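All figures in this text were calculated on a predicted structure; none of them were measured in a lab. To find a chain, count down the sequence lines: A is the first, B the second, and so on, and within it residues start at 1. Only heavy atoms go into these numbers, but all of them, side chains included; no hydrogens, no water, no symmetry mates.
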Amino acid sequence: MEKISTLTGVAVPLKRSNVDTDQIIPAVFLKRVTKTGFDDALFYAWRQDPDFVLNQEPFRAGKILIAGPDFGTGSSREHAVWALRDYGFTAVLSPRFGDIFRGNSGKQGLLTGTISEEDVERLWAAIDANPGIEATVDLVERNASIGGLTVGFDIDDYTRWRLLEGLDDIGLTLRNEAQITEFEARRSSWRPKTLPVKI
Amino acid sequence: MTTASDAVRTDETTTGDRRPRTLAEKVWDDHLVVKGENGTPDLIYIDLHLVHEVTSPQAFDGLRVAGRPVRRPDLTIATEDHNTPTIGIDKPIADLTSRTQIETLRKNAQEFGIRLHSLGDLEQGIVHVVGPQLGLTMPGITVVCGDSHTSTHGAFGAMALGIGTSEVEHVLATQTLPLKPFKTMAITVEGELRPGVTAKDIILSVIAKIGTGGGQGYVLEYRGSAIRALSMEGRMTICNMSIEAGARAGMVAPDETTFAYLKGRPHAPAGDDWDEAVAYWKTLVTDDDAVFDAEVFIDANELEPFVTWGTNPGQGVSLSDVVPTPEDFADPNDRASAQRALEYMDLQAGTPLKDVHVDAVFMGSCTNSRIEDLRAFASVIKGHTKADGVRVMVVPGSARVRIEAEAEGLDKVFEEFGAEWRFAGCSMCLGMNPDQLAPGERCASTSNRNFEGRQGKGGRTHLVSPVVAAATAIRGTLSSPWDLEKTDARDDVKAGA
């Protein structure tokens, strides 16, 4: 995973709440067995509408998504993160995220920051006043700026550290392999085993 | 009496301060491999990893690239469910991308030594139906799956978490997950459900009350007399939809109902192991003086059959109510969301929900496809024929459920009613297989999500219980058993499905 510190790019206002992962990427695109190439699938149904924000010229090259509350709820599909990433988004700011989506984002290097609903409105207003304006998201300082407006965002310390350092979770966990093995030796015999097969 | 290992864990976590703990905290503490410090997450051991074809191919690919094996194939099991057709299962899957995904799972299972129940196999079915029916899901374990409805397994007093593909790879490689601490919320449901009101109505009303984000960061524990009175199937329906309230997981403390369900199942503990397990399981209750971070109360006596009118599962009301007016919502986001939902659903504010006609009824999904759900549906439709022009699909959750239903003659009831009786799978819950709504079609569905396009592009979904689905299939408009003529069938309607 690449290290992240500051992200800059066109800010996109997604003025909707409860954007579930079925909207971010419909199930039909989940049949692929690859981890890339999902850019066309992002917001597939909504992009059929010429008025949808990503179909507006200044926003086509969007990098920083600023969405209403409860972004990424619903299905666990990590494809939602892959689709945002493949399209070119590097960060999403919203007052609330679906827990699984947010976890998936952190594993894939997509920065998710929570900001207040008031700050979402202020950022949207700044974009409306100057469509196509770039936003800068500073992970070190935990703030996002558009023009002269700067708002703080929250991200947990551990995810921030991993993103700043570009660290792989599995590698980190395997540093504790001795403790895992020791834990396994203590597990009770009644706990479930899938093998050998019993039917 | 606890086992040696459990005693060690328990001593570590309670001796000294004797801190009262919730059920969720007890299960968490008993799986702690490494305690996180300075903001790092805890490393939690995973007892059972369920795998299916959709969220696993990229995870296996990651293992292959890194040259890592699956650490514990004996704690891992796979089944095919999301992509699989529910008719013509003896033929090759027509959709080539679906077929590739299924074949990829088969190759990966073979290569990494994982038990797989393929389409046509006796144990094939929806992953969240298969785990419990094999007796693999049990109290006090941690369960994960690359599927948000993994919360289903919490009905047994397990800590069951839906995870993404990166985490699937992580569990395959390490049998652990780094997890952040959670908050706990008690959802207490007291009283007695009226006939025709079921577990599905409880959870739909919970979600309507706390909202789709109300559970974010929480593990929910369902408690109270109405939960105790539910069967395991009913409890699974409730825990299943915890994710629809945004929760990390949902749990019910194990009790005699749980033990009776498990006893004798293929992978349930036996002999001395059984006694030891039950002794431990009986300790898995929230301590009397434990404190939840949040509490919600629901009066079961007041509940009516419930239905969603919008495009998220929190947009629901009693079936006797009318389509709400967006202007009545105080929160501007809720108002905008309601406005959009009514447009998508093609509904007018103020319309009685019972006047809403449907084109299809879907009886199935990991929420409601177990034998008790099928029995409840059958008990309502028995002796009726379906409404003209309404397509009715009944899809069992697993091959075993299908066999059990046929042994009871339920298939005949469905067929005489005019319903299609299918093979097991996720079917019309999610638009990944051939079972989909056409654009504009309206469906009363026992599934879990009414998102835009969920059941097929342009499809409109009303979430309901199995008995409401049945009454709707009879009348052709959204209906509950309360709306049917007094018949013998109606008297049979049981609460709890």
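Per-residue counts of heavy-atom pairs under 4.5 Å with chain B were compared for A/L30, A/N104, A/D157; the largest is that of A/L30. Residue with the most contacts toward chain A among B/H149, B/R248, B/R340: B/R340 (heavy-atom pairs, distance under 4.5 Å). Note: B/S166 leads B/S166, B/G271, B/P57, B/A247 in heavy-atom pairs under 4.5 Å with chain A. Between chain B and the options A/A45, A/S17, A/G98, A/G74, the largest number of non-hydrogen pairs under 4.5 Å is found for A/G74. Counting heavy-atom pairs closer than 4.5 Å to chain A, the top-ranked of the candidates B/I243, B/I114, B/I141, B/L134 is B/I141. If you tally non-hydrogen atom pairs under 4.5 Å between each of B/L122, B/N333, B/T97 and chain A, the highest count goes to B/N333. Chain B forms more heavy-atom pairs under 4.5 Å with one residue of A/E182, A/Q23, A/K35 than with any other, namely A/Q23. Options A/T34, A/V33, A/V28 differ in how many heavy-atom pairs under 4.5 Å they form with chain B, and the most are formed by A/V33. Options B/T137, B/N312, B/T55 differ in how many heavy-atom pairs under 4.5 Å they form with chain A, and the most are formed by B/N312. Between chain A and the residues B/T100, B/I163, B/L177, the largest count of heavy-atom pairs under 4.5 Å involves B/I163.
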Exercise. Decide yes or no on side-chain contact (heavy atoms from CB on, under 4.5 Å) for A/E78 and B/E167, but give the supporting numbers first.
Key: CA-CA 10 Å; A/E78 197 160 306; B/E167 291 170 309; 5.9 Å; no
Quiz item: Going through the checks in order, is the side-chain hydrogen bond (donor to acceptor under 3.5 Å, both in side chains) test met by B/T40 and A/R162?
Solution: CA-CA 10 Å; B/T40 61; A/R162 281 183 43 255; over 6 Å; no
Exercise. Test side-chain contact (heavy atoms from CB on, under 4.5 Å) on B/V54 and A/R77 and set out the steps.
Key: CA-CA 9 Å; B/V54 179; A/R77 59 191 69 173; over 6 Å; no
Exercise. Report the C-alpha distance between A/K107 and B/H170 in whole Å, list the side-chain angles of each, state the deciding distance to 0.1 Å, and finish with yes or no for side-chain contact (heavy atoms from CB on, under 4.5 Å).
Key: CA-CA 10 Å; A/K107 315 256 180 229; B/H170 196 286; 5.8 Å; no
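Only the side chain of B/D95 comes within less than 4.5 Å of a heavy atom of chain A; its backbone N, CA, C and O stay farther away. Looking at B/E169, the atoms closer than 4.5 Å to chain A (heavy atoms on both sides) sit in the backbone and in the side chain alike. Contact of B/P332 with chain A is not made at all, since no heavy-atom distance falls under 4.5 Å. Residue A/F29: no heavy atom, backbone or side chain, is found under 4.5 Å from chain B. B/T176 touches chain A through its side chain: at least one heavy atom from C-beta onward sits under 4.5 Å away, while N, CA, C and O do not. At a 4.5 Å heavy-atom cutoff, the contact between B/L48 and chain A is made by side-chain atoms alone. For B/E123, the part lying near chain A is the side chain, with the backbone staying farther off; criterion is any non-hydrogen pair under 4.5 Å. At a 4.5 Å heavy-atom cutoff, the contact between B/N83 and chain A is made by side-chain atoms alone. Proximity to chain A (any heavy atom under 4.5 Å) is restricted, for B/R72, to the side chain, taken from C-beta onward.
Counting heavy-atom neighbours within 6.0 Å of A/Y158 OH, excluding the residue itself, gives a total above 12. Within 6.0 Å of atom NZ in A/K3, 12 or fewer heavy atoms from other residues, nucleotides or ligands are found, so the atom counts as exposed in its surroundings. Other residues, nucleotides and ligands place more than 12 heavy atoms under 6.0 Å from the CD atom of A/Q48.
Contact detail for B/V34 and A/Q179: the closest heavy-atom pair is CG2-CB, 4.0 Å. Counting all heavy atoms, side chain and backbone alike, B/F451 lies closest to A/D22 at CD1-OD1, 3.5 Å. When all heavy atoms of B/P178 and A/D169 are compared, the closest pair comes out as CG-OD2, 3.9 Å. The shortest heavy-atom contact between B/P73 and A/T194 is O-OG1, 3.3 Å. In terms of heavy atoms, B/S148 sits closest to A/S76 at N-OG, 3.4 Å. Between B/H31 and A/F183, the closest heavy-atom pair is CA-CZ, 3.7 Å.
In summary, the side chains of A/N18 and B/T212 do present a donor paired with an acceptor at a separation below 3.5 Å, with no hydrogens or angles considered. For the residue pair B/T104 and A/R32, no side-chain donor N or O sits within less than 3.5 Å of a side-chain acceptor on the partner.
Between B/R454 and A/D20 there is no salt bridge, since no side-chain nitrogen of the basic residue lies less than 4.0 Å from a carboxylate oxygen of the acidic one. A salt bridge links B/K180 with A/D156; the closest basic N to acidic carboxylate O contact falls under 4.0 Å. Salt bridge B/R71/A/E184: present, at least one basic N to carboxylate O contact under 4.0 Å.
Residues passing the side-chain contact (heavy atoms from CB on, under 4.5 Å) test with A/R85 are A/T36, A/W82, A/Q108, sequence neighbours excluded.
Judged by distance alone, with hydrogens and angles left aside, the side-chain atoms of A/R191 form no donor-acceptor pair with the main-chain N or O of B/M138 at under 3.5 Å.
Residue A/D99 holds its CG atom at 10.0 Å from CG of B/L161, rounded to the nearest 0.5 Å. B/L75 CG to A/R187 CZ: the interatomic distance, rounded to the nearest 0.5 Å, is 5.0 Å. Rounded to the nearest 0.5 angstrom, B/L43 CG and A/I180 CD1 are separated by 5.5 Å.
Side-chain atoms of A/S188 and B/E276, non-hydrogen and from C-beta on, do get closer than 4.5 Å to each other. Counting heavy atoms from C-beta on, the side chains of B/R449 and A/S75 come closer than 4.5 Å.
Between B/Y280 and A/W190, the ring planes are tilted. Angles from 30° to 60° get that label.
Proximity to chain B at a heavy-atom threshold of 4.5 Å picks out A/P69, A/D70 from residues 49-71 of chain A, in numerical order.
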